[in-house]
Protein chains: 2
Amino acid sequence: MKQTAFCRAELVAVLLNVRKDTPCVLTLENGQALPSGPLTMGGHSLQKELCRWVEQQTGVVLGHTEQLYTFADTQVADKSRLVRISYMALISSHSDQTIAERSIYDYFPWEDRRNTEAQALLQRIVLWLKNWAGKNVVQQRRCARLFGLPPHSWNDELALDRYELLWEAGLVHEAKHFEGQIQSGLPMQADFRRVLATALSRVRAKIRYTSVVFDLLPETFTLLQLQQAMEALAGCWMHKQNFRRLVLQQKLVEEAGAFDTPQQGRPAKLYRFRPEAGQNCYLAGAKLPLTPLL
Amino acid sequence: MKQTAFCRAELVAVLLNVRKDTPCVLTLENGQALPSGPLTMGGHSLQKELCRWVEQQTGVVLGHTEQLYTFADTQVADKSRLVRISYMALISSHSDQTIAERSIYDYFPWEDRRNTEAQALLQRIVLWLKNWAGKNVVQQRRCARLFGLPPHSWNDELALDRYELLWEAGLVHEAKHFEGQIQSGLPMQADFRRVLATALSRVRAKIRYTSVVFDLLPETFTLLQLQQAMEALAGCWMHKQNFRRLVLQQKLVEEAGAFDTPQQGRPAKLYRFRPEAGQNCYLAGAKLPLTPLL
DNA sequence: GGTACATATGCTCAATTTGAGTATATGTAC
DNA sequence: GTACATATACTCAAATTGAGCATATGTACC
């Protein structure tokens, strides 16, 4: 075994947020970077350190926080290692801090299946991939699985895998052999976009079987707001009545006793999350209660 | 922001394996440690580095490998940070390497709900916890949720959370204020047992909705073997006929054309995993097809 | 050959859960 | 009070699941 290596360590944060029907991320440097900073010495857990540090930097109070992934790049300059520990944190959308946020889908347009323009882009991507895969059956299958082609159906949780595939296929700016024909979302510095893709995959998986969506909502909310948050994150439409049934039957929420004050239409009841429901709610078994494709 | 901190970095590996009906882990130092070593310099990805390093050390070829969690302990000696990046890797049970393995349930006896002795232990743990929680409603609820008391049911995926709760309650040796009344599984050095608990939780979650179980099985296997691997990991019995139905209906496997040669009983067909099935199989929606509690 | 055993495999059926609607209620703006 | 927009209630067939019984096919031993 080789000698112990000293290296630098950094924390990277993906701060997520939902504004009405858009999932947002806090970015720096004109949308090209995620907040990050060196790991300091001291007796705190990484998680606590991150929270404190983000609060100092942005004034934002973090909700659910979770570690994503640790990358270890080799620095070209001195061949030393740079360890990047990435975290995802959810911010309640009621918090009125003005922070520079962008839609996650600015970076992954193909992930928003509610947007018809983006779906046209997806068509072009798929064509390119078909060409890229050529006669390689393994890659053909991979493309089919990841992009929901014929035998398969679209799986929103595979956002990270899709990004990695596009990277390999040279379809994103960060790729080594980028081929610039297709407008494939905003690029970011370093590995940041990959970290963001990791966060998207993770949060999409987690909203299904935990109560993390509620960390993105204000204290009280309507069922429509809840549904919109889910739709924003999952990037697809859901069946309204069935969604309500799912939520109410499981007693995940309780009435807050007040009503919404909408611009139009009948005011909706306000609800609040029932902490007794705990972490394990099935806000959608494995499949989301989708709306039928038009 | 403080100055950049240099720190040491280590890799830790949880190597998992299933022997008939027991989930095993490769350990060192008489079961007290997990294989670990310093992160070396060099241009490889962490994952590749880990694989190569484990192969060198143990001669074992790794199947599915995945990052678990990164811990950052503060060293007492010089106040520097030690970053530990932990990985879980699955080993096909056909590999005939003789490696020193222990049952995972030696470390977490309460997690094996197939074992009646262990369930007696669980009774005692729950009593202790009730006493520990006292009148603190939050902790009472937490205990109830994690240990499947009245309103809740047992959730095998919460192994990590349970370990953390026991740690806080001073019921495991590693805890700061350990109270040694209850024989609560073998202890390990440093954070290793926590890393192992992370792996257990992770693998239990993953076998439900991905094909990782197959990485633990030999090339061809019977449906019973598949079921036993699931049962070993989940720590509970499953309904045989319904399990078969689930697997066969989804076409996750194909007949290998040969038969098992058992000691007793009718020989079972051998199957092999169908790679076309891809990663996303629902080997159990959210709930496992359990056998009714006698 | 036949009996005991042990496991594999096939099949049934009621109870739930899901998918996709239709129908009705209750607010605002004009 | 009419148009609109959204909320909420309820229905019903299809699919999935939970639990079980029945039958098939092997070995070991008399």
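Each chain gets a letter, A, B and so on, in the order the sequences are listed, and its residues count up from 1.
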Interatomic distance where [atom1] belongs to [X] and [atom2] belongs to [N] [whole Å]:
X	N	atom1	atom2	result
Q227(A)	dT6(D)	CD	P	13 Å
F243(A)	dA9(D)	CZ	P	16 Å
H239(A)	dT18(C)	NE2	P	13 Å
E255(A)	dA7(D)	CD	P	15 Å
Q249(B)	dA15(D)	CD	P	12 Å

With a distance cut-off below 6.0 Å to the six-membered ring centre and an angular limit of 45° from the axis, does R204(A) pair with W154(A) as a cation-pi contact?
no
Pairs where residues 245-261 of chain B contributes a residue and the test salt bridge (charged side-chain N to carboxylate O under 4.0 Å, His left out) is met, not counting sequence neighbours:
E254(B)-R272(B), E255(B)-K269(B)
Can you tell me if [X] uses its side chain to pair, donor with acceptor, with the backbone of [Y] under 3.5 Å?
X	Y	value
T116(B)	R114(B)	no
R162(A)	L146(A)	yes
S201(B)	E157(B)	yes

Per-nucleotide protein contact string for nucleotides 6-14 of chain C, where B marks a base within reach and S marks sugar-phosphate only (heavy atoms under 4.0 Å, - for neither):
BBBBBBB--
So do the side chains of L217(A) and F273(A) get within less than 4.5 Å of each other, counting heavy atoms only?
no
I need the L196(B) CG to F108(B) CZ distance, nearest 0.5 Å.
4.0 Å
How would DNA chain C look in dot-bracket form, 5' to 3', counting Watson-Crick and G-U wobble pairs with both distances under 3.5 Å and writing | for bases paired to another strand?
||||||||||||||||||||||||||||||
Pairing donors with acceptors under 3.5 angstrom, does anything connect the side chains of R142(A) and Q139(A)?
yes
